Visitor: 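If you scroll down you'll find the structure; I have some questions about it.
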Protein chains: 2
Amino acid sequence: MLEAIFAPQSVAVLGASPEPARLGHRVLKNIIDHGYQGRIYPIHPRATEVLGLRAYPSVLDVPDPIDLAVIVIPPQHVNAAVDECGRKGIRGLVVITAGFKEVGGAGRELERELLATVRRYGMRMIGPNSLGIIDTISQLNASFANAMPLPGNIALMSQSGAICTAILDWSYQQGIGFSRFVSLGNKADVDEVALLEAWNRDEHSKVILAYLEAIDDGPGFIRVAREVTKCTPVVAIKSGTTAAGTRAASSHTGSLAGSETAYEAAFAQSGILRARTMNELFDLALVFAYQPMIRGNRVAIVTNAGGPGIIATDAVERSGLAMAEFTPETIRRLQEKLPPNANFFNPIDVIGDATPDRYAWAIEAALADPNVDGLIVLFTPQAVSDPLVTARLIADLTKQSNKPVVTSFMGGASLVEAVRALNEAHIPNYLFPERAVQSLAAMYRQSLWQQRPAPTYRHFDVDRDRVAQLFAEVRAAGRVELGEVEAREVMEAYGMRLPKSRLAHTPEEAVAIANEFGYPVVMKISSPDILHKSDIGGVRVGLSDATAVRDAFELIEYRARKYVPSARIWGILVQEMVRKGREVLVGVSRDPQFGPLIAVGMGGIYVEVLKDVAFRLAPLSVEEVREQIRSIRAYPLLRGVRGEPPADIAAIEETVLRVSQLVTDFPEIVEMDINPLVVHHEGEGAIVLDARIILN
Amino acid sequence: MLEAIFAPQSVAVLGASPEPARLGHRVLKNIIDHGYQGRIYPIHPRATEVLGLRAYPSVLDVPDPIDLAVIVIPPQHVNAAVDECGRKGIRGLVVITAGFKEVGGAGRELERELLATVRRYGMRMIGPNSLGIIDTISQLNASFANAMPLPGNIALMSQSGAICTAILDWSYQQGIGFSRFVSLGNKADVDEVALLEAWNRDEHSKVILAYLEAIDDGPGFIRVAREVTKCTPVVAIKSGTTAAGTRAASSHTGSLAGSETAYEAAFAQSGILRARTMNELFDLALVFAYQPMIRGNRVAIVTNAGGPGIIATDAVERSGLAMAEFTPETIRRLQEKLPPNANFFNPIDVIGDATPDRYAWAIEAALADPNVDGLIVLFTPQAVSDPLVTARLIADLTKQSNKPVVTSFMGGASLVEAVRALNEAHIPNYLFPERAVQSLAAMYRQSLWQQRPAPTYRHFDVDRDRVAQLFAEVRAAGRVELGEVEAREVMEAYGMRLPKSRLAHTPEEAVAIANEFGYPVVMKISSPDILHKSDIGGVRVGLSDATAVRDAFELIEYRARKYVPSARIWGILVQEMVRKGREVLVGVSRDPQFGPLIAVGMGGIYVEVLKDVAFRLAPLSVEEVREQIRSIRAYPLLRGVRGEPPADIAAIEETVLRVSQLVTDFPEIVEMDINPLVVHHEGEGAIVLDARIILN
């Protein structure tokens, strides 16, 4: 997929000027200079030859077929030129020209027209406003970057051109190579989702890095990312999340950034490793690009000094990794070869006067130990130590290992050569031990993700038509919020349990209903115009006999008429009084990019004061709901504390899954709250006590 | 203080061998080569001259006075040599020799003897097992490091020699300089506390860095650090776990206080900035060493690309800093000089084609704005940008500014020269924007700390003698845990409010007491042998008349005799039933290094399940208690939610302060819990409902 862009047989450069100062000239020169092997056609209105290649006035004048057109002409001419590309049968476009959506106004209109043309011919387009693309596999540098990245197995996409430039510049210095390097620009056509899809199972890329400012197609992103991350780790940085950052993002790309919560949930649910800083992005890139996947969480540390060993051990214990416990065989091997004052347990301390061979013994023993899943080698410059020889030796010893090895050579001036040797040998090296540990920890998280079984989805048999009809009626009445009786009907149609309840229009009717349900009962005003019933005294609980029911009916009716004289009163709801249980909130909001975001938390102050809520995006799998509920801090309260029996967690899970199905079936639900869901003891179910639904 | 070590007039090197391969030779050579201006005396049993200097067999043979002795002789000879140093009147020692406490056994004994000798003569000693010390002010390199650090204004102490070596090596590469550089070794005499004290108000050090593995004298550390940090920022990395982690924890508070809790509290209460990683340690060092202190939290950002601007803006909002809002004057100035498609608001985007002069306009305007407290300049390599010229210009423009300026030049190969220029001009530069932001944020935290008024301590008039007597009685009885009645007396002696309560020995007495207190009452078994009273049904609440009291007395007595036949029963406590309020836990555990650690949290599940507890070390100031209570997540519950009036927070504060006084007066209290403290509405006080005290 997208072969026309990344592996074209022939490339035309529109705007390939003979003027060396022009951007189009630079782009053409990059394609020629960096070893592209296909045919290259400069396109220029007047030139007949550019950089030694025959030039044509239009792609239509080129006698041979063209796969890819790189466009570097003024914005007002782009659409016409792209139309010619379409007529020529060109399949791929890289539009470097700027002046489209990002400048607003007329630019936005230009971009719409351009996209329409692209779609009409079924072409695929990177950009506009892209810095270009670089593919080291097909040796194509279709960009105005000053140089070609080193070849490697890291694929990178960025929504910021400047980040591309900075990364490229930095990567030379570090000796880090890329397979593909894409500046997404305004991503009118090819966006992060299309690229992820194109790079799925790409044999040339061991890790995908993404710098993202906004994701437009949230559900598409999750679907594709979930697939890709099963094979290839994706490490992403997402900027523009906080309030002020979002403002900057809007003025920058003209796109709307999603809320932080939705991104957190999306990344977690699709197996994307989120880097918090640019540093972390590359720390993780290195370990995935260079080292085999870790298979467990047990790491060994080899060091020539105590202090760094402690730092690394602390970091291991904080990170979700564990310090490996060596087999007796390993300890015997270490004791045989290392001096008696060395430490033979983990971390292995080969002592400050360690020569390279002592490192060798320790590394060999650690890697051979079946209790070790990964290795961290620490090195500090000491009087007799030889950093370069030690680095080379680490490279040799670990080449054949199927366990990941990372290093932290701590220092500067005296380690320059050693660090270069490590880079060349593809051993990820970090200035400080903590970063080495964090990188292995991320690798472990990725391995857990890859080992997860396929998600299970439950489909419930529900009365979808009834809900559709109800929503139509609400809309027909000019409302967006459902009344309580309507919300109840929706819940019932989706199989949720509710307290027995019926509308009474007279005190006598109320008493009859209460007699049927059994006492005590609850009574509530039912009116589309009274949302906060308690505020006007419109709710009475614990009514334990006919007299109380009759009194309550008249009191509630009186108050409703007094405090909201204009209210339409449908009657008074008589409801079974639900016995106490643990109260849970299940809420839904709709994220503009990612769709329905389902919140679960313990009711009352846990949600209101402690903000103890876990979010996931719908549709939810059975496993995701399980995780979601267990990630609430107050989860132990559901398991039962102080001898209290556990709550019916299965019933909460089922309720959340039914809500997930409901909001997936009806995208018009923009907000919904079940608050509270009263959860009884294990096996005794959960009852929706109150629900609100708001349509768009 | 410690002048004999850091600024000696003359230095003797014991073990200054003529053999170039010997450590003592290297140390002597370092002192000579790196420009030390005082007199130098090699001491060697046989040599008469070393490295061109006259050598002596013993310090006692040197005709002139000696300030400092650097000792590099075998461990078994050190004590005798130090004794000679004492007799010679030498005031300072740096013992590089290893083989003391760190090897255990006989080494431990040797160190004890050595320390005794040092103390006998009133000398001060660094080491043993130190890498040595370096002081760039007096140009003294009394170490076997391979080179001298660059001069600068960062003071560094490290409990790990290897970390010293690594830092030194790295600092050359980065062009970072130090004022003083100390390897603490086994810190038998001079430890981190003594060094902090020596470096207080040191005009040559703008920041102190500390790599710590353990602090022995916790209270001393806090006292000195609190003083030092008022003038000089101290950035510390703390590695390794404390003994506290392994200590048996029988009470709530004990099990909640992890090993790290005491260090966290100690750093927070003494104004030490804790770096989580080595990276962060140096990120912070640079900004303090190179830039003026920030006076507020409002930062401006200048960038030539949107993406990095977003990253930085996000980081600002997450960090406790705020994006500055420019004055109209600033915006006018920017609009006048920058192209129309630039962003004139914060972050100022000078656009990818920015030449250095555009950066200059933006930087000048931002620094001149009264709403700006600090500036971050971001730079990405672009076609027309000139990194070196831009760097020099930033250096020129900001030289006179009294606002801190940091940069992030993002990239590598093309920025080498520019980054060097920034280093030389003392502009802290960070590879990625987040780190620049975090450094300014740390500076802001430090400025807040420095602006804090002096802490207020309250002293309560209490009956200390009564408590001392009670504790003596408990010990005399061979117990360590106080009974309920005893714990009550302690609380009362320290002025805490308790429910009215009296011990009854017969049902009739119980009824008489209840009649006096008024109904309802609570009754509890009182026995030193029954700690968990509820478990055996030994507590009855809500007893509302004489019959209920009589029944309860007999039932409780029966159960106690039945379930714990061996228990000594003191009687049955009749207690006023306290009306409901918000329940708070006040607990104390004792950290082996730092002493009493006071925990405060909301009672019940907030502590047990949600672990929502804030810790501080006693003695507590009024301000610290205020902060402590406000840092609990559930604090809003004390302020009152859902229309509930606020709780009497002042009463909680006073209770905590009284507890602080109690545990400071009585170090023998190893654990104590007030659980619950029942807190009534504002102005209505708080009552200790139950208390446990355990002595050592």
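Keep in mind that the numbers below use all heavy atoms, side chains included, and drop hydrogens, waters and symmetry copies. Order of the sequence lines sets the chain letters (A, B, ...), proteins ahead of strands, with each chain counted from 1. Quick caveat: nothing in here was measured; it's all calculated off a predicted structure.
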Visitor: Give the member of A:Gly309, A:Ala145, A:Ala166 that has the highest number of heavy-atom pairs under 4.5 Å with chain B.
Guide: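 Most heavy-atom pairs under 4.5 Å with chain B: A:Ala166.
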
Visitor: Most heavy-atom pairs under 4.5 angstrom with chain A, which of B:Thr165, B:Ile237, B:Ile167?
Guide: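 Result: the option with the highest number of such pairs is B:Thr165.
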
Visitor: Report the C-alpha separation of B:Lys238 and A:Asp314 in whole Å, then their side-chain angles, then the decisive distance to 0.1 Å, and conclude whether the side chain to side chain contact (heavy atoms under 4.5 Å, CB included) test is met.
Guide: CA-CA 10 Å; B:Lys238 166 66 184 71; A:Asp314 278 356; 5.9 Å; no

Visitor: Is A:Phe379 close to chain B through its backbone or its side chain, or both, or neither, when contacts mean heavy atoms under 4.5 Å?
Guide: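 Contact with chain B is absent: no heavy atom of A:Phe379 under 4.5 Å.
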
Visitor: Are more than 12 heavy atoms, taken from residues, nucleotides or ligands other than B:Glu325, located less than 6.0 Å from that residue's CD atom?
Guide: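 Open: at most 12 neighbouring heavy atoms sit under 6.0 Å from CD of B:Glu325.
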
Visitor: Would you mind telling me which of A:Glu434, A:Arg435, A:Lys611 has the largest number of heavy-atom pairs within less than 4.5 Å of chain B?
Guide: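 Of the candidates given, the most pairs with chain B belong to A:Glu434.
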
Visitor: Please step through side chain to side chain contact (heavy atoms under 4.5 Å, CB included) for the pair A:Ser158 and A:Ser183, ending with a clear verdict.
Guide: CA-CA 5 Å; A:Ser158 170; A:Ser183 159; 5.9 Å; no

Visitor: Side-chain contact, heavy-atom cut-off 4.5 Å: A:Val437 with A:Arg318?
Guide: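 Counting from C-beta outward, A:Val437 and A:Arg318 never come under 4.5 Å.
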
Visitor: Could you label the plane-to-plane angle of the A:Trp170 and A:Phe282 rings as parallel, tilted or perpendicular, counting under 30° as parallel and over 60° as perpendicular?
Guide: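 Plane angle between 30° and 60°, so tilted.
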
Visitor: Checking B:Tyr606 against chain A: side chain, backbone, both or neither under 4.5 Å from a heavy atom?
Guide: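 Side chain of B:Tyr606 only, per the 4.5 Å heavy-atom cut-off to chain A.
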
Visitor: Please tell me if the side chains of A:Leu168 and A:Pro149 come closer than 4.5 Å, counting only heavy atoms from C-beta onward.
Guide: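 A side-chain contact under 4.5 Å exists here.
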
Visitor: Tell me, side chain or backbone of A:Arg276 under 4.5 Å from chain B's heavy atoms, or both, or neither?
Guide: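 It is the backbone, since no side chain atom gets that close.
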
Visitor: Using non-hydrogen atoms and a 4.5 Å limit, figure out which bit of A:Tyr635 sits close to chain B: side chain, backbone, both or neither.
Guide: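 A:Tyr635 has no heavy atom closer than 4.5 Å to chain B.
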
Visitor: Most heavy-atom pairs under 4.5 angstrom with chain B, which of A:Ala305, A:Ala315, A:Gly352, A:Pro308?
Guide: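 Most heavy-atom pairs under 4.5 Å with chain B: A:Pro308.
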
Visitor: A side-chain contact here means heavy atoms from C-beta on lying under 4.5 Å apart; do B:Pro381 and B:Pro387 qualify?
Guide: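 Heavy-atom side-chain distance check fails, nothing below 4.5 Å.
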
Visitor: Can you confirm whether A:Glu417 is buried at CD, in the sense that more than 12 heavy atoms of other residues, nucleotides or ligands lie under 6.0 Å from that atom?
Guide: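 No, because the 6.0 Å sphere around CD of A:Glu417 holds 12 heavy atoms or fewer from other groups.
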
Visitor: Quick one: which of B:Thr277, B:Val103, B:Leu415, B:Thr380 has the most heavy-atom pairs under 4.5 Å with chain A, could you say?
Guide: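 Between B:Thr277, B:Val103, B:Leu415, B:Thr380, the count favours B:Thr277.
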
Visitor: Flag the one option from B:Ala322, B:Ala162, B:Ser171 with the top tally of heavy-atom pairs under 4.5 Å to chain A.
Guide: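 Answer, by heavy-atom pair count under 4.5 Å with chain A: B:Ala162.
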
Visitor: So, B:Tyr430 side chain and B:Ser439 main chain: donor-acceptor pair closer than 3.5 Å or not?
Guide: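 Such a contact is absent between B:Tyr430 side chain and B:Ser439 backbone.
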
Visitor: Do you know which of A:Thr303, A:Asn279, A:Asn341, A:Leu431 has the most heavy-atom pairs under 4.5 Å to chain B?
Guide: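 Of the candidates given, the most pairs with chain B belong to A:Asn279.
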
Visitor: I'd like to verify something: which residue of A:Leu637, A:Val641, A:Asn304 has the highest number of heavy-atom pairs under 4.5 Å with chain B?
Guide: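 Most pairs with chain B among the choices: A:Leu637.
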
Visitor: At a heavy-atom distance under 4.5 Å, which candidate from B:Gln382, B:Met410, B:Met278, B:Gln174 has the highest pair count against chain A?
Guide: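 Highest number of heavy-atom pairs under 4.5 Å: B:Met278.
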
